[in-house]
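First the structure, in the form of structure tokens, and then the observations on it.
Because the structure is a prediction, the values reported are computed rather than measured.
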Amino acid sequence: MAINTIDKITTASSLVIKGSHQDRIVAEQSDVLMPGTFSLIEKVCENFADEVAHLLKARAQKQLSIDKGELPHFLPDTQKVRGSDWRIASIPHDLLDRRVELAGPVDRKRVINGLNANAKVFMADFEDALTPSWQQLISGQENLRDAINGDMDYTCPETNQYYQLKADSAVLMCRVRGLHMSEMHMAFKGEAIPAAFFDFCVYFHNNYLKLLEKGTAPYFYIPKLESHLEARLWAKIFSFVEERYCLRPGTIKCTCLIETLPAVFEMDEILYELRSNIVALNCGRWDYIFSYIKTLKNHKDRILPDRQAVTMDASLMSAYSRLLVKTCHKRGAMAIGGMAACIPSEMAADNEKILTQVFNDKQVEAHHGHDGTWVAHEGLIDVSIAAFEQYIGENHANQLHVTRDVDAPISAKELLMPCQGERTEAGIRLNLHIALQYIQAWINGQASVPIYGLMEDAATAEIARTSIWQWIKHQVSLSNGQIVTKLLVKSMLIEELAKVKQEVGVNEFTHGRYTEAAVLLENMVLADELIGFLTEPASNLLIA
Ligand SMILES: CC(=O)SCCNC(=O)CCNC(=O)[C@H](O)C(C)(C)COP(=O)(O)OP(=O)(O)OC[C@H]1O[C@@H](n2cnc3c(N)ncnc32)[C@H](O)[C@@H]1OP(=O)(O)O
Ligand SMILES: O=CC(=O)O
Ligand SMILES: [Mg+2]
């Protein structure tokens, strides 16, 4: 639909669309970017953008203390919140049964497949599984809008296969980007706006009416929080928007991912700040491992082993999952488990092993008392449901009644204790190999990719590259006696790049962007200071 550009930009006078001529055309032609959307974005920026900047500064300050030797801890100032009795507001009916949630990117085919799948919830992801190109952001929003309107089909140009949204599709939740990300295509008073504000406002404004009409509501996943003060910001934004649209307080509901090490120490406080709008916390296990490495990067005594050893039954991960369940259920909130990164295989024997592995992984979560969990692929839904049904039983839709009251308190020591396991040459090489392939895919616009039978997304790739960085920094000694140095990693990187070339073939290698990915990866793992998020330098390549 052609829309008047001037209207679009001047209705929100402090807001400007940036980018190439093509980016402007995308914005002009999209009917999810209308004056009402701009006006909401502008108001949210006017009231809250400065606060994001302050909160990010506070993150950096806290990190400085940890870099100097302090350890993350439960906050003395908020003891009263942890010690007193209160509960979150009630949970909407359609969110009481979340035993399996399918996560997926927001392209049209996967939105249809995801909503049609047998999961209770489809988590449409603008974060770890999306490269934030303007085109993908806008078309993703259009796809969700069409899905909510129930007016959605798609014919795949390559296969000619026709897809249509079913009437009784899963509940839709929208994951917005983290507070650390900026949306470069939109500036408020000359500054790129917080990407989370863009995702939230566009989704909310275009869909809230239809969602309410259908008997559901705007449901959000909020990622990568690091403190309850960040949760307080979201609470203020939700309340501001509810008032602006004259909606009953608590209409907007969110689930917060607890996927940073600082946040695990503030779960009660996060629930408390958001008590009118929150329904659950989720164990974002992959970013949590990344955050453990990043937060404790200077602590030589807390270096993790190879990624494969950091499973949910490792003591630090188990403590995190059990504390999340206990904290949530005490407050009447649901506790959602994390992503099983395996994806099904076409080889029957392999697939059987994968399904058993996923079943066991989900059983650990269900045993801890989680109310549901995430899967990356629809082929894993049934096995995950089976694992949860054993615990939830026929008479319940969740495990909110499991309070874990008899557990010994979970201490900071347990949460911070690194797990045992080897640090191997094979581990470094696998990290390099996966990171190379992942970054190559990411800068080409694909943020969730199958690599060696696992779903890799921004969170898992972060583990790979920060782990290598930390092993170099502390000159870790590998199980074969080698010391990890910049020189060693550089030589391994060259060898792994050659292996990738052999694997993908000369043609794909030549026309892909593998060498650019290698340069970016080298810069990140050999840097003197750890780069905060790989998506920051990678975005420059995506945009270019
Ligand atoms: C750590 C975290 O942040 S986790 C959350 C973010 N990550 C994600 O959301 C990852 C979601 N998963 C995916 O993106 C995909 O499953 C991948 C990339 C891992 C694998 O995808 P594919 O290679 O397409 O898998 P495969 O070919 O087996 O897919 C079979 C069908 O299922 C569909 N499908 C697979 N996964 C999904 C999904 N998560 N959502 C919707 N549809 C899906 C495919 O589109 C395909 O459809 P088709 O048969 O109609 O063509
Ligand atoms: O977002 C999920 C995670 O595991 O990270
Ligand atoms: Mg994550």
Side-chain angles (χ1 to χ4, degrees), residues 100-105 110 114 117 119 121-123 125 127-130 175 221 223-224 257-259 282-293 304-314 316-318 320-321 336-347 350-366 368 370 372-385 387-388 419 421 426-427 430-439 441-442 446-467 534-535:
V100 179
E101 304 190 346
L102 174 64
R110 277 190 280 208
V121 168
F122 177 62
M123 192 284 280
D125 195 12
E127 216 235 357
D128 291 337
L130 183 92
R175 177 160 74 168
Y221 254 108
K224 294 188 178 63
L257 286 131
I258 299 299
E259 54 180 353
N282 169 300
C283 275
R285 59 167 81 162
W286 301 106
D287 266 314
Y288 187 73
I289 299 171
F290 157 49
S291 175
Y292 182 96
I293 298 170
L304 293 181
D306 287 356
R307 166 178 147 180
Q308 295 66 29
V310 192
T311 53
M312 284 317 282
D313 43 22
L316 85 157
M317 299 306 280
S318 170
Y320 150 61
S321 152
I336 310 298
M339 177 62 91
C342 307
I343 46 177
S345 163
E346 281 167 10
M347 315 288 285
D350 289 350
N351 204 37
E352 203 149 309
K353 277 193 210 137
I354 289 164
L355 294 182
T356 307
Q357 204 179 329
V358 173
F359 182 82
N360 293 339
D361 175 81
K362 298 304 172 193
Q363 212 176 19
V364 171
E365 290 183 331
H368 286 172
H370 280 282
T373 192
W374 274 15
V375 293
H377 192 288
E378 60 178 307
L380 303 175
I381 294 174
D382 289 346
V383 74
S384 303
I385 290 181
F388 271 83
C419 61
L430 188 63
N431 277 341
L432 286 168
H433 206 89
I434 288 174
L436 269 175
Q437 302 223 41
Y438 181 75
I439 294 170
W442 199 95
Q446 228 190 313
S448 69
V449 260
I451 304 176
Y452 298 145
L454 293 180
M455 177 241 29
E456 300 289 345
D457 73 1
T460 59
E462 289 286 26
I463 298 172
R465 65 100 192 170
T466 49
S467 176
L534 76 79
T535 47

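Within a 6.0 Å sphere centred on CD of Gln308, heavy atoms belonging to other residues, nucleotides or ligands number more than 12.
With hydrogens and angles disregarded, no donor-acceptor distance shorter than 3.5 Å links the side chain of Ser291 to the backbone of Asp287. Glu259 places a side-chain N or O within donor-acceptor distance of the main-chain N or O of Lys224, the cut-off being under 3.5 Å. Under the 3.5 Å distance criterion, the side-chain polar atoms of Ser467 are left unmatched by any main-chain donor or acceptor of Ala464. When atom types are taken as modelled, the side chain of Glu365 and the backbone of Gly338 share a donor-acceptor pair closer than 3.5 angstrom. Looking at Asp125, its side chain does come within 3.5 Å of a backbone N or O of Glu127 through a donor-acceptor pair. Asn282 places a side-chain N or O within donor-acceptor distance of the main-chain N or O of Gly337, the cut-off being under 3.5 Å. Side chain of His368 to backbone of His370: no donor-acceptor contact under 3.5 angstrom is found.
Listed by chain and residue number, Tyr452 satisfy the ring pair (Phe, Tyr, Trp, His ring centres under 6.0 Å) test with His433 (two or more places apart in sequence, or in another chain).
The closest side-chain heavy-atom distance from Ile354 to Cys342 is below 4.5 Å. Inter-residue side-chain proximity for Trp442 and Glu456 is flagged as unmet; no heavy-atom pair is nearer than 4.5 Å. Inter-residue side-chain proximity for Met455 and His377 is flagged as unmet; no heavy-atom pair is nearer than 4.5 Å. Val100 has its side chain within reach of Val375: a pair of non-hydrogen atoms, C-beta onward, lies under 4.5 Å apart. Between Met317 and Thr311 there is no side-chain heavy-atom pair separated by less than 4.5 Å. The side-chain heavy atoms of Leu102 and Val121, taken from C-beta on, include no pair separated by under 4.5 Å. Looking at heavy atoms from C-beta onward, Met312 lies out of side-chain contact with Ser318 at the 4.5 angstrom threshold. Looking only at side-chain heavy atoms (C-beta outward), Cys283 and Ile258 stay at 4.5 Å or farther from each other.
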Report task. Take Asn360 and Gln363, measure what side-chain contact (heavy atoms from CB on, under 4.5 Å) needs, and give me the verdict at the end. Result -> CA-CA 5 Å; Asn360 293 339; Gln363 212 176 19; 4.1 Å; yes
Query raised in the report: Going through the distances and angles, do Arg307 and Ile289 end up as a side-chain contact (heavy atoms from CB on, under 4.5 Å)?
Result: CA-CA 9 Å; Arg307 166 178 147 180; Ile289 299 171; over 6 Å; no
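The line from CD1 of Ile439 to CZ of Arg465 is 8.5 Å long, rounded to the nearest 0.5 Å. To the nearest 0.5 angstrom, Thr373 atom OG1 is 11.5 Å from Ile381 atom CD1. Considering OG of Ser321 and CG of Leu316, their distance stands at 11.0 Å, rounded to 0.5 Å. Rounding to the nearest 0.5 Å gives a distance of 4.5 Å between CG of Asp350 and OG of Ser345. Between atom CD1 of residue Ile434 and atom CG of residue Leu454 there is a gap of 6.5 Å, rounded to the nearest 0.5 Å. Remark: Leu304 CG to Ile463 CD1 distance equals 9.0 Å, nearest 0.5 Å.
Residues Met123 and Trp374 share a closest heavy-atom pair of CE-CH2, 3.5 Å. Minimum interatomic distance between Pro223 and Leu257 (heavy atoms only, all atoms of both residues): CA-CD1, 3.6 Å. The two atoms that bring Ala314 and Cys419 nearest to each other are CB-CB, 3.8 Å, heavy atoms only. Between Leu380 and Val383 the shortest heavy-atom distance is O-CG1, 3.4 Å. Of all heavy-atom pairs spanning Ala459 and Trp286, the tightest one is CB-CB, 3.8 Å. Between Ala309 and Gly421, the shortest heavy-atom distance links the atoms CB-CA, 4.5 Å.
Here salt bridge (Lys or Arg N to Asp or Glu O under 4.0 Å) pairs that include residues 446-455, with residues two or more places apart or in two chains, number zero.
Side chains of Tyr438 and Glu462: a donor-acceptor N/O pair is absent below 3.5 angstrom, by distance only. A donor and an acceptor atom, one from each side chain of Lys362 and Ser384, are nowhere located under 3.5 Å apart.
A salt bridge links Asp361 to Arg285: one of the charged nitrogens lies within less than 4.0 Å of a carboxylate oxygen.
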